[in-house]
Amino acid sequence: MPEYSISQLDNFEECPRQYKFKYVDRISRYEEGVEAFLGQRFHDTMEWLYGERAFRVVPLEEVLEYYERNWAEKWHSEVKIRKEGRTPDDYRLMGRRFIEDYYKRHYPFDEGRVLGLERFIRFPLDREGRYRCKGIIDRLMLAPDGTFEVHDYKTGSNLPEQEELDEDSQLALYQIGVQKLWSEAKEVRLVWHLVAFDVEMRSSRTPEALEKLEAELEGLIDRIEAEREYAPHESALCDWCAYQDLCPAKKQKAGEKP
Ligand code: SF4
């Protein structure tokens, strides 16, 4: 039985055809947008900062040096900048600002105990183990009040509303995993760091909400496994799709045979 990540499940809902290209046919298209590249550098820096925190509080200058080194080492010619007139330096400096703001807000990083950094989890949704999920938690923490916390960094330029986060399935799924994997995790808090705005937002889920999500995800997995057509679903996301040249919907528009 395959294991599903939340991005995989979301991808199927967004466009079954793109899902097929990516997860069924496994056609790899290496294309990285500069926003994703920046996000990954921010995640790398946080992982390093909190890893070091077990030994010392790293000064801001050193954190920024790590970020700059990591950016330079990982940069490659395939990173795509779609916004006209923007340069790699614009984004690199933006990432620096995110780190400076985050550092000032959280210094000296003693808001709990680190339980895991970029922690990979895999777990069954149901008792029989038919529906299996996986994910990577940016940072798993134990708060001073004994609550487990699932922390997630977002570097995007969209500030979600509280209602959106209260409905968010990614961290809710991670909560299901955490509570299945650690019996100590009686209470779980979900925390988003919206670093482009220097804003932190929180949410929690009732057991009923988690049961409802489990049932929905099991239904979605059933649909995926029964799917044979993988119809294209055009949306604003098509502009970012790496499979446009293979997509029958795009070919039809261009007058080619699908
Ligand atoms: S171009 Fe659009 S419709 Fe076609 S596969 Fe990509 S996301 Fe789906």
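Indexing begins at 1, ligand by ligand and atom by atom, following the structure's order.
- Nearest to atom 5 (S) of ligand 1 by heavy-atom distance, out of C15, P232, A231, P248, is C15.
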>> Walk me through whether R139 and E149 qualify under salt bridge (Lys or Arg N to Asp or Glu O under 4.0 Å).
In response: CA-CA 8 Å; R139 180 159 46 91; E149 291 181 340; over 6 Å; no
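- Aromatic ring centres of Y67 and F42: separated by at least 6.0 Å.
- Metal site remark for atom 4 (Fe) of ligand 1: H233 contributes no N, O or S atom at a distance under 2.8 Å.
- The closest side-chain donor-acceptor pair between E111 and H106 falls under 3.5 angstrom.
- Below 30°, between 30° and 60°, or above 60°: for H151 and H193 the angle between ring planes is below 30°, a parallel geometry.
- In this structure, Y4 contributes its side chain and L217 its backbone to no donor-acceptor pair below 3.5 Å.
- Nearest protein heavy-atom contact of atom 4 (Fe) of ligand 1 is C247 SG, 2.4 Å.
- In summary, an N, O or S atom of C241 is located under 2.8 Å from atom 6 (Fe) of ligand 1.
- Under 2.8 Å from atom 2 (Fe) of ligand 1 lies an N/O/S atom of C238, whether from backbone or side chain.
- Contact atoms of ligand 1 toward K250: 1 (S) (distance under 4.0 Å to a heavy atom of the residue).
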